[in-house]
Amino acid sequence: MPVSPVVPASLSAVLGKLRVFTTPGFTTFTAMVTGLVAQTGAGTVTEMLTGAGLARAWPHDRAHAFFSRTRWNVDILGIVLAHLIGRTLLPHGVAVTVAVDDTLFKRSGKRVFGAAWQHDGAAKGPKPVGRGTCFVVVGIVVELPFLARPVCLPVMARLWRPKSGPSKVELAASMIRLLAVCLDRPLHVVADAAYHGKALRHLPGAITLTTRLPAAAVLYDLAPPPTNKRGRPRLKGARLGTPAELAQTAAFTATPVARYGRTDQVQIAEVRCLWYGSLHTQTVRVILIRDEDTATGYDLALVTTDLATPAAALVTRYAWRWSIETTFAEARTLLGVGQARNRSENAVRRTVPFGLYCYSITVVWYALHGHHPNDAADHRARAPWYTTKTDPSFADMLAKLRRVIIAARFLPITPGQPTGAEIQAVHQAWAHAGLQHPA
């Protein structure tokens, strides 16, 4: 019976770049990562221990203590993971596209730290609310040579508490600034319409923000030059109106735009102005987009502090924001992120970010060590009804890593023929390695 986690050499090479723990803490960290990836049940802490094959070797308190009492910083782990992504998956020196969003993880129980009734975007009905813990997440969006779509890899996540502490926008701004300082690269931040306001005003010059413009936003012309008369110079020009009013007089131009895996012909209009109510005196560009068959108005309005990138490229960049929604869905259903039952403050603040980091670790491992050009073809051979499948999905990446973990765990320690029980155990584990969590 193993007393330490059995980790494949390829996964160990990735985890070895994330040493922000003491030696005992790093051993537990590798066990928890391996266990969360390998388990096919719920994403609870004890299931992580079971997935690592240590349920009978370690007391379960050791696994719980890693999240509730062991000394490690979840932000520092995320920053080190971001450096690893930057070195291995991004071209040297290029700007980094960062997606920001928040998501609710359902939790019940009165003693769960930070749990409250709050907005739930996935809820149905006239009142989309749910009880749980909400995390604001920052992820690096990367393009991988074997995928047609971009992938968002979470590198920071912080708990948001309604009516207590910083707002979602303030949490996002704090993480963005920290990430920019630590990576020492330009950041292009994309977010939905909820992320704007005072906390995101006048970000450092190396950070740009692109977000959807609310329909009720009021825009103003740039401030006129000083008149050299007494009194404070004007901070804004004439009122331009809402995006709908702006679209009435804007000049639209037909432009090809690459988004969501295809190239569309759309109409784009662009105006430099001020969004005084949110970004104050910072010059912004408002980009109005409408489909070719739309004669009046607009279909989507974007506002950006990036004054140099062409409008079509900005639309493409904003479309990359959807990758963080895909990450949330896959992390929940395939890794079981958010299913841990812990309740103390430290454990609640750490467990969800840890699970999201495991998503990023899995993709990094697959990109560096797991990908094979025949992976998609092999999947089509196993499931011939997927006639159009050309790229591996995250489920494929996860299944491959699970099978590598299984192979490492069941390799004979001493030369000789495996026993019948060992062969049966391998067959059962291999069959379950590709199973997905229920939605």
Side-chain angles (χ1 to χ4, degrees), residues 97-102 119 121 136 138 141 152 167-173 176 187-203 207-223 235-255 257-260 264 266-325:
T97 300
V98 174
V100 178
D101 204 353
D102 57 86
H119 174 76
V136 179
V138 172
V141 183
C152 181
S167 68
K168 293 179 181 179
V169 177
E170 290 169 338
L171 287 174
I176 290 167
L187 297 189
H188 295 316
V189 180
V190 290
D192 65 14
Y195 287 89
H196 62 80
K198 185 176 181 180
L200 292 171
R201 291 176 182 174
H202 303 294
L203 293 170
I207 305 175
T208 69
L209 172 67
T210 302
T211 183
R212 185 165 58 85
L213 186 65
V218 178
L219 306 167
Y220 292 86
D221 201 355
L222 301 180
L235 299 180
K236 59 184 178 181
R239 182 183 186 277
L240 300 178
T242 62
E245 294 172 329
L246 205 63
Q248 293 176 2
T249 58
F252 285 85
T253 304
T255 307
V257 170
R259 56 183 181 177
Y260 310 120
D264 300 324
V266 300
Q267 298 183 52
I268 292 179
E270 178 183 338
V271 178
R272 291 200 179 203
C273 56
L274 300 178
W275 187 13
Y276 191 82
S278 180
L279 298 180
H280 204 46
T281 58
Q282 185 172 10
T283 302
V284 299
R285 294 161 66 197
V286 170
I287 299 171
L288 303 174
I289 306 108
R290 68 187 185 193
D291 294 333
E292 280 196 310
D293 55 357
T294 303
T296 60
Y298 69 97
D299 296 319
L300 175 68
L302 302 179
V303 60
T304 180
T305 60
D306 187 340
L307 304 181
T309 303
L314 287 171
V315 177
T316 300
R317 182 189 300 168
Y318 181 76
W320 282 14
R321 191 204 70 81
W322 187 253
S323 61
I324 196 171
E325 304 285 0

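Note that this is a predicted model, so its numbers are computed, not measured.
- Here Leu187 contributes atom CG and Leu203 contributes atom CG; the two are 9.5 Å apart, rounded to the nearest 0.5 Å.
- The two residues Asp306 and Thr304 make their nearest non-hydrogen contact at N-OG1, 3.0 Å.
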Exercise answer: donor-acceptor pairs, residues 235-244 side-chain atoms, under 3.5 Å, sequence neighbours excluded:
| unit_1 | atom_1 | unit_2 | atom_2 | d |
| --- | --- | --- | --- | --- |
| Arg239 | NH1 | Glu245 | OE1 | 3.3 |
| Thr242 | OG1 | Glu245 | N | 3.4 |

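- No side-chain donor from either of Thr97 and His188 sits under 3.5 Å from a side-chain acceptor of the other.
- Here the straight-line distance linking atom OG1 of Thr309 with atom CZ of Arg317 works out to 4.5 Å at 0.5 Å rounding.
- Residues Ile289 and Asp299 form no side-chain contact, since every pair of their non-hydrogen atoms from C-beta on lies 4.5 Å or further apart.
- A distance of 9.5 Å separates CG in Leu200 from OG1 in Thr305, rounded to the nearest 0.5 Å.
- Ile324 and Ala99 get closest at one heavy-atom pair: CD1-O, 3.7 Å.
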Does the pair Gln282 and Leu209 meet the rule for a side-chain contact (heavy atoms from CB on, under 4.5 Å), with working shown?
-> CA-CA 12 Å; Gln282 185 172 10; Leu209 172 67; over 6 Å; no

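- Between Ala247 and Tyr298, the closest heavy-atom pair is CB-CD2, 4.2 Å.
- Of all the heavy atoms in Ala301 and Leu288, the pair that sits closest is CB-CD2, 3.7 Å.
- For Glu325, the salt bridge (Lys or Arg N to Asp or Glu O under 4.0 Å) partners two or more places apart in sequence, or in a different chain, are Arg321.
- In this structure, the separation between OH on Tyr318 and CD1 on Ile287 is 12.0 Å, given to the nearest 0.5 Å.
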Show which side-chain atoms of residues 268-280 pair as donor or acceptor with protein atoms under 3.5 Å away, not counting sequence neighbours.
| unit_1 | atom_1 | unit_2 | atom_2 | d |
| --- | --- | --- | --- | --- |
| Glu270 | OE1 | Arg285 | NH2 | 3.3 |
| Glu270 | OE2 | Arg285 | NE | 2.7 |
| Glu270 | OE2 | Arg285 | NH2 | 3.1 |
| Arg272 | NH2 | Leu307 | O | 2.8 |
| Ser278 | OG | His196 | ND1 | 3.0 |
| Ser278 | OG | Gly197 | N | 3.0 |

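- Looking only at side-chain heavy atoms (C-beta outward), Leu219 and Leu213 come within less than 4.5 Å of each other.
- Val169 and Ala199 make their closest contact through CG1-CB, 3.9 Å (heavy atoms, listed as atom of the first residue, atom of the second, distance).
- Between the side chain of Asp264 and the backbone N or O of Val266 there is no donor-acceptor pair closer than 3.5 Å.
- Side-chain N or O atoms of Thr211 include one that pairs as donor or acceptor with a backbone N or O of Asp192 at under 3.5 Å.
- Between Tyr195 and Asp102, the closest side-chain pair of non-hydrogen atoms falls below 4.5 Å.
- At distances below 3.5 Å, at least one donor-acceptor pair connects side-chain atoms of Arg290 with backbone N or O atoms of Gly297.
- Looking at every heavy atom in both residues, Thr294 comes nearest to Gln267 through O-NE2, 3.7 Å.
- Put simply, OG1 on Thr296 and CZ on Phe252 are 9.5 Å apart, with the number rounded to the nearest 0.5 Å.
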